[in-house]
Amino acid sequence: MKRRSFLRLSGLAGLAAGMPAKGLGLPQQPDAKTTTPAQAAKQPASPETILLKDYRPKSIYKIPVTEVPKAKYPVIDMHSHPYAKTPQQIDEWVRNMDDVGVEKTIILAMATGKEFDEIQKKYAKYPERFETWCGLDFAGFDQTGFGPGAVKELERCKQAGARGVGEIHDKGKGLRSGKSSAPGMHPDDPRMDSLWAKCGELGMPVSLHVADPIWMYQKMDQTNDGLMNAYDWRLDNQPNIVDLPGLIEIFERTLARHRNTTFVACHFANLDYDLAHLGEVLERNPNLYADISARYAETAPIPRFAAQFYEKHADRLVYGTDMGLDKKMYGITFRILESLDEHFYEIEQFSYHWSLNGLGLSNAVLKQVYHDNAEKLLAARSGKS
């Protein structure tokens, strides 16, 4: 489940314990000895006491505001999760999809065994609207003989209805699939070869989440561009962690070794801060797509450069959300992709304090990213058993 959709940052108040706010160049909290929370709540906002987590600027510009409640073209959402837990909630999700123009949603279950079976059963009511992907079982990864058992469970999940694999994570400390983890084992580990090869043989694309946004690996100080979000998800203080560039190198070795397996890099492979690098990775690896899920706020601040990237690599990008199932969320993504709106805020959705801009993508690019690339990717599985 994507953090930006259902979790709101607890803020940077926690920095006070380890790093004085004054040292960060951030406003300090009122003195707890002299001001109670109730008293502070009654006091008018002051620039001396406003915390970054509470900063909610409003645009002063009198410029066009575009609402895009429905996508210009039919959409295949390549990155979602089993947010709806009951039949009634799944019914509601389908109605929302109808209203906003989402034709199909890929449910990345990140689960195996009984847990996957239960998720698959819930969403099987709408076989044309939902497609469920399973996780991988890393049990016994550190023992001799790991591999055959995981392959067997993958095959069982395929028979039970799984059409792909994901979302598999590696943020620098090893692979993770839901509750199953393999600390220290990365995608290019030889122990993973039989699993990746079997995914290709079965025609099961792999949704792989490598790294996290660059700010999570950087120092938590006044120079950190994404500090508002980064602090709660910080990785800079994790011992023996592989950094973002190192994870991309690992990923590329995996891609080169398994050309018959299709991979989808979640969230622009977290190279949203260096799209030129992502473009090079895509050009070197024909078996790779990238989904754009949950990185709208990271690319909307650079609309011209981001739009150029979309134009150049339009055939390798697929739409995704990873932010829940409500109609407003979908509309925000459509506004960023379709409109030329400038300087607007969506802090509650993305937990960043900066303003966003529309990319104004062309009709041809929108059609590919919304639908055609995913349709091609999913259709390529035909004939594989």
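Residue numbers run from 1 in the order of the sequence given. Excluded from the calculations below are hydrogen atoms, water molecules and symmetry mates; all remaining heavy atoms, backbone and side chain alike, are included.
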- Hey, does H79 have a side-chain heavy atom less than 4.5 Å from the side chain of I106? no
- Qualifying residues under side-chain hydrogen bond (donor to acceptor under 3.5 Å, both in side chains), relative to Y370, sequence neighbours excluded: E338
- Item | Shortest non-hydrogen separation from K376 to Y289 and the atoms involved | CD-OH, 4.1 Å
- Task: Kindly say whether K219 contributes a backbone atom to a donor-acceptor pair with the side chain of N224 at under 3.5 angstrom?
- Result: yes
- Nearest 0.5 Å, what's the OG1-CZ distance between T299 and F305? 12.0 Å
- Would you call the rings of W354 and Y352 parallel, tilted or perpendicular if under 30° counts as parallel and over 60° as perpendicular? parallel
- Item | Where V102 and R129 come nearest, the two heavy atoms and their spacing | O-NH2, 2.9 Å
- Query: Do M185 and D170 pass the side chain to side chain contact (heavy atoms under 4.5 Å, CB included) test, and can you show the C-alpha distance, the side-chain angles, and the key distance before you say yes or no?
  - Reply: CA-CA 9 Å; M185 185 169 76; D170 185 1; over 6 Å; no
- Message: Once you measure the plane-to-plane angle for F138 and F146, does it fall in the parallel (<30°), tilted (30-60°) or perpendicular (>60°) bin?
- Response: tilted
- So how far is it from H267 NE2 to I292 CD1, rounded to the nearest 0.5 Å? 12.0 Å
- Query: Quick one: does W215's side chain get under 4.5 Å of N229's, heavy atoms only?
  - Reply: no
- Item | Close side-chain approach of L377 and P205, heavy atoms under 4.5 Å | yes
- Message: Run the side chain to side chain contact (heavy atoms under 4.5 Å, CB included) test on N373 and Y319 for me, step by step, so that the C-alpha distance in whole Å, both residues' side-chain angles and the decisive distance to 0.1 Å come before the verdict.
- Response: CA-CA 9 Å; N373 295 336; Y319 176 87; over 6 Å; no
- Task: Would you confirm whether S293, through its side chain, and G320, through its main-chain N or O, come within 3.5 Å as a donor-acceptor pair?
- Result: no
- Message: Would the distance check show the side chain of K122 and the main-chain N or O of K85 forming a donor-acceptor pair, the cut-off being under 3.5 Å?
- Response: yes
- Could you please spell out the steps behind the ring pair (Phe, Tyr, Trp, His ring centres under 6.0 Å) verdict for W93 and F130? CA-CA 10 Å; W93 195 351; F130 295 106; 5.2 Å; yes
- Would you check if the side chain of N287 reaches a backbone N or O of L255 as a donor-acceptor pair within less than 3.5 Å? yes
- Message: Test your reading of the model: is there a side-chain donor-acceptor pair from S46 to the backbone of E48, 3.5 Å cut-off?
- Response: yes
- How long is the gap from CZ on F344 to CG on N357, to the nearest 0.5 Å? 6.5 Å
- All pairs passing side chain to side chain donor-acceptor pair (under 3.5 Å) where residues 59-72 contributes a residue, at least two apart: T66-D341, K72-N363
- Message: According to ring pair (Phe, Tyr, Trp, His ring centres under 6.0 Å), does anything in residues 165-190 pair up with another residue at least two apart or in another chain? List the pairs.
- Response: H169-H209
- Message: Looking at D54 and I50, would you say the former's side chain and the latter's main chain have a donor-acceptor pair under 3.5 Å?
- Response: no
- Could you tell me whether D91 and K125 have a side-chain N and a carboxylate O separated by less than 4.0 Å? yes
- Query: Are E92 and T86 close enough that some pair of their side-chain heavy atoms sits under 4.5 Å apart?
  - Reply: no
- Message: Would you compute the distance between atom CE of M329 and atom CD of E346 and round it to the nearest 0.5 angstrom?
- Response: 12.0 Å
- Side chains of L275 and Y310 in contact at under 4.5 Å (non-hydrogen atoms): no
- For E155, salt bridge (Lys or Arg N to Asp or Glu O under 4.0 Å) partners two or more places apart: K198
- Checking V210, I214, L278, L282 against L271 for side chain to side chain contact (heavy atoms under 4.5 Å, CB included), the one that qualifies is L278
- Task: Fit a plane to each ring of Y345 and H343, take the angle between them on a 0 to 90° scale, and name the class: parallel (under 30°), tilted (30 to 60°) or perpendicular (over 60°).
- Result: perpendicular
- Message: If you count every heavy atom of other residues, nucleotides or ligands that lies below 6.0 Å from E342 atom CD, does the total exceed 12?
- Response: no
- Tell me, with the steps shown, if I76 and V318 meet side chain to side chain contact (heavy atoms under 4.5 Å, CB included). CA-CA 8 Å; I76 298 176; V318 294; over 6 Å; no
- Does the pair R56/E348 count as a salt bridge with the N-to-O cut at 4.0 Å? yes
- Backbone of G279 reached by a side-chain donor or acceptor of K312 within 3.5 Å: no
- From CA spacing to verdict: side chain to side chain contact (heavy atoms under 4.5 Å, CB included), F116, E153: CA-CA 11 Å; F116 170 78; E153 174 58 17; 5.9 Å; no
- Query: In chain order, what residues pass the side-chain hydrogen bond (donor to acceptor under 3.5 Å, both in side chains) check against D326, with sequence neighbours excluded?
  - Reply: none
- Hey, does P187 have a side-chain heavy atom less than 4.5 Å from the side chain of L175? yes
- Taking every non-hydrogen atom, the tightest pair across G178 and R176: O-NE, 3.1 Å
- Smallest heavy-atom separation, P213 atom then R295 atom, equals CD-NH2, 3.5 Å
- Task: Applying salt bridge (Lys or Arg N to Asp or Glu O under 4.0 Å), name anything that partners K327, two or more places apart in sequence or on another chain.
- Result: D99
- Taking every heavy atom of A265 against every heavy atom of F251, the minimum-distance pair comes out as CB-CE2, 3.8 Å
- Query: Are the charged groups of R257 and D188 less than 4.0 angstrom apart, N to O?
  - Reply: no
- Task: Compare all side-chain heavy atoms of V206 with those of W196 and state whether any distance is below 4.5 angstrom.
- Result: yes
- Query: Taking Y296 for the side chain and T321 for the main chain, is one N or O donor matched with an acceptor at less than 3.5 Å?
  - Reply: no
- Task: Could you grab the distance from atom OH of Y231 to atom CG of D236, nearest 0.5 Å is fine?
- Result: 9.5 Å
- Query: Looking only at atom types and distance, does a side-chain atom of R316 sit under 3.5 Å from a main-chain N or O of L288, one as donor and one as acceptor?
  - Reply: yes
- Check whether any side-chain heavy atom of K104 lies under 4.5 Å from a side-chain heavy atom of E375, and answer yes or no. no
- Would you check if the side chain of R381 reaches a backbone N or O of L378 as a donor-acceptor pair within less than 3.5 Å? yes
- Item | Contact summary for E311 and S362, nearest pair of heavy atoms | OE2-OG, 3.2 Å
- Can you measure from CD1 (I336) to CZ (F334) and round to the nearest 0.5 angstrom? 11.5 Å
